[in-house]
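Just follow the structure's listing: the first ligand is 1, and inside any ligand the first atom is 1.
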Amino acid sequence: MPANPCSGRFDLAVVGAGIIGLATALAAVQRRLKVIVIDRDAQANGASVRNFGFVTISGQQRGSMWARARRSRDVWREIADAAGIAIVHTGLWMTARRPEAVGVLEAFMTTEMADGCRLLTPAEARRRCPQLLAPQLAAVLESSGELRVESRQAIPRLAAWLAGTHGVSFLRDTAVLAIDTPDLQTSSGSVHADRVVVCPGDDFNGLYAQRLQAYALTRCKLQMLRLSDPGFRLPAALMSDLGIGRYPGYAELPAAAPLKERLALEQPQQLAHGVHLIVVQSADGSLVVGDSHHYADTPDPFSQQAVDDLILDEFRLALGIEPPPVVERWIGTYASASDRPVLIDAPSPSVRIVIVTCGAGASTGFAIGEEVMNSLLDTGVHA
Ligand SMILES: Cc1cc2nc3c(=O)[nH]c(=O)nc-3n(C[C@H](O)[C@H](O)[C@H](O)COP(=O)(O)OP(=O)(O)OC[C@H]3O[C@@H](n4cnc5c(N)ncnc54)[C@H](O)[C@@H]3O)c2cc1C
């Protein structure tokens, strides 16, 4: 009979098997800790498998988020082969069609964040990708640092690798109900661990709910589409003017002010629904396209055709082609806070709560996991 996976005492229990929980588990086993990961779902079902799998560097907020993204990208690269995770494609093409958007890209190129980036003329871009027909294309910022994984495969493979190669125990279909280290009360009985990291995604009404009320958290709902194979390969992930006006690495530059004014005049519907364009490609050629941003404490679960149409309009403008047929639609939600990109809280010396509050967990999670483990081990809670 197999040993009960939750018997014995662990150095660390991680609550939540999304990317943040798995990244924390990886950082812990690299520090030789005995780890158990507990999740209430039978398999990953949250933001971590609903996202683009797009590990973005340029566009991340200048400073610590940009640095976290670079570190996390390096970890994705380091573990991908061993964990059987395919890097489906690399790089980003940030396309600009308005002069104001080109102005932001030029300003971006003068910052340290332009490391690995270059500006392409429309002619250069079309030579590399003749199918990019957008008549208004004015410039492309090519960034080489990004990569893309197929999250719905990558997350289960990362978990399987942590279990098989690194001996991490997984307890699924199990909600953690209360924590008083070293005791965790779960829906499957007690678990014992000296330290706990809670990575609950956008579930902030459960564990430590009262404590989390201090953080003004809300949820963001996103609409996502999969389009069938357009019949050609994208040179990289693709974004457009709306992304330049939204992603903080660009949008917080002073040069972005004229672009934001023009977008408010010309694309008010897109701004009202938080629409901007990301297009990434899967191994079978299909395109994952999004997205929109609607904020509410409990977002409704319904996908609106009118919002999908706004996303597809931007696709037409940015790529200059008719979008291929939609083959799949879904929504996802993530935790959001207007005053910080990441929340790391310490309810006790042996416990951390970690929530990415800016929709960039796939891009920054591995670095955050390392920071959290360093902070936990620095507090002197040693088994
Ligand atoms: C549509 C969409 C597109 C996105 N695109 C990108 C992108 O391209 N790049 C990027 O970097 N980021 C992207 N993001 C953001 C990114 O997906 C999230 O930041 C990240 O997945 C958050 O990971 P997580 O582990 O915190 O949360 P989750 O993946 O939601 O995992 C949390 C887990 O905790 C479990 N849990 C919670 N409470 C308990 C409990 N008490 N007991 C047991 N289990 C519990 C849940 O069951 C869940 O499995 C996107 C998000 C969405 C929704």
Heavy atom of the protein closest to atom 31 (O) of ligand 1 (residue, atom name, distance) = Gly18 CA, 3.6 Å
Electrostatic pair Asp202-Arg219, nearest N-O below 4.0 angstrom = yes
ask   = How close does the nearest protein non-hydrogen atom get to atom 49 (O) of ligand 1, and which residue and atom is it?
value = Asp39 OD2, 2.6 Å
query = Taking both backbone and side-chain atoms of Tyr334, is any N or O found less than 3.5 Å from an N or O belonging to ligand 1?
reply = no
query = Under 6.0 Å from the CG atom of Asp300, do we count more than 12 heavy atoms belonging to anything else shown?
reply = yes
query = Would you call the rings of His276 and His293 parallel, tilted or perpendicular if under 30° counts as parallel and over 60° as perpendicular?
reply = tilted
ask   = ligand 1 and Ile20, any nitrogen or oxygen pair closer than 3.5 angstrom?
value = yes
ask   = Would Asp173 and Arg40 pass as an ion pair if we require N to O under 4.0 Å?
value = no
ask   = Strictly under 4.0 Å, does any heavy atom of Thr56 approach an atom of ligand 1?
value = no
inquiry  = Any carboxylate oxygen within less than 4.0 angstrom of a Lys/Arg side-chain nitrogen, looking at Asp74 and Arg71?
reply    = no
message = Closer than 4.0 angstrom, basic N to acidic O: yes or no for Arg62 and Glu252?
response = no
ask   = Rounded to the nearest 0.5 Å, what separation is found between the CD atom of Glu371 and the OG1 atom of Thr364?
value = 9.0 Å
message = Suppose I only count heavy atoms of Gly16 and a 4.0 Å limit; which atoms of ligand 1 are within that range?
response = 33 (C), 34 (O), 35 (C)
message = Are any of the N/O atoms on Val176, whether in the backbone or the side chain, positioned under 3.5 angstrom from an N/O atom of ligand 1?
response = yes
inquiry  = Below the 3.5 angstrom mark, is there an N/O of Ser363, backbone or side chain, next to an N/O of ligand 1?
reply    = yes
message = Within the 4.0 Å heavy-atom shell around Thr174, which atoms of ligand 1 are there?
response = 43 (C)
request  = For atom 23 (O) of ligand 1, find the nearest protein heavy atom and state the residue, atom name and distance (0.1 Å precision).
outcome  = Ser48 OG, 3.2 Å
key: For Val15, the ligand 1 atoms whose distance to one of its heavy atoms is below 4.0 Å   = 39 (C), 40 (C), 42 (N), 43 (C)
Check ion pair Asp241-Arg98 (N to O, under 4.0 angstrom) = yes
Protein heavy-atom partner closest to atom 19 (O) of ligand 1 - residue, atom, separation in Å = Gly361 N, 2.9 Å
task = Check whether any side-chain heavy atom of Leu105 lies under 4.5 Å from a side-chain heavy atom of Tyr250, and answer yes or no.
result = yes
query = By number and element, which atoms of ligand 1 are closer than 4.0 Å to a non-hydrogen atom of Gly201?
reply = 26 (O), 27 (O), 30 (O), 32 (C)
inquiry  = Is it the case that ligand 1 has an N or O less than 3.5 angstrom from some N or O of Thr333?
reply    = no
request  = Considering heavy atoms of the protein only, find what lies nearest to atom 4 (C) of ligand 1 and give residue, atom and distance to 0.1 Å.
outcome  = Asn51 CB, 3.0 Å
query = Is the closest side-chain heavy-atom distance between Arg352 and Thr24 below 4.5 Å?
reply = no
message = What I want to know is whether Ala17 and ligand 1 share at least one N or O pair that is separated by under 3.5 angstrom.
response = no
message = Only heavy atoms of Arg50, strictly under 4.0 Å: list the atoms of ligand 1 that pass.
response = 1 (C), 2 (C)
request  = Would you indicate which of Ala362, Gly21, Ser187, Pro200 comes nearest to atom 10 (C) of ligand 1 when only heavy atoms are counted?
outcome  = Ala362
ask   = With only distance considered, is Ala175 within less than 3.5 Å of ligand 1 through an N or O on each side?
value = no
request  = For the pair Arg9 and Asp194, find out whether any cationic side-chain nitrogen is under 4.0 Å from an anionic carboxylate oxygen.
outcome  = yes
query = Is a salt bridge present between Glu146 and Arg77, judged by a nitrogen-to-oxygen distance below 4.0 Å?
reply = no
ask   = Going by the atom numbers of ligand 1, which of them fall below 4.0 Å from some non-hydrogen atom of Ile19?
value = 20 (C), 21 (O), 23 (O), 25 (O)
request  = May I ask you to check whether Asp202 has an N/O atom sitting below 3.5 Å from an N/O atom of ligand 1?
outcome  = no
Residue, atom name and distance, where the atom is the protein heavy atom closest to atom 7 (C) of ligand 1 = Phe54 O, 3.5 Å
request  = Could you tell me whether Arg211 and Asp345 have a side-chain N and a carboxylate O separated by less than 4.0 Å?
outcome  = yes
inquiry  = Taking 4.0 angstrom as the limit and counting only heavy atoms of Asp41, give me the atoms of ligand 1 inside it, by number and element.
reply    = 47 (O)
request  = Establish, yes or no, whether the cationic atom of Arg152 lies under 6.0 Å from the six-membered ring centre of Trp330 and within 45° of the ring axis.
outcome  = yes
key: Partner of Val149 by side-chain contact (heavy atoms from CB on, under 4.5 Å), out of Val280, Ile85, Leu158   = Ile85
inquiry  = List ligand 1 atoms under 4.0 Å from Cys199, heavy atoms only on the residue side.
reply    = 32 (C), 33 (C), 34 (O)
message = Check this for me: does any side-chain nitrogen of one of Glu314 and Arg97 sit under 4.0 Å from a carboxylate oxygen of the other?
response = yes
key: Polar proximity ligand 1 side, Val356 side, N/O cut 3.5 Å exclusive   = no
key: Distance from atom 13 (C) of ligand 1 to nearest protein heavy atom, with residue and atom   = Gly359 O, 3.3 Å
request  = Would you mind checking which non-hydrogen protein atom is closest to atom 43 (C) of ligand 1, with the distance to 0.1 Å?
outcome  = Arg40 N, 3.2 Å
task = Using distance alone, determine whether Leu222 and ligand 1 share an N or O pair under 3.5 Å.
result = no
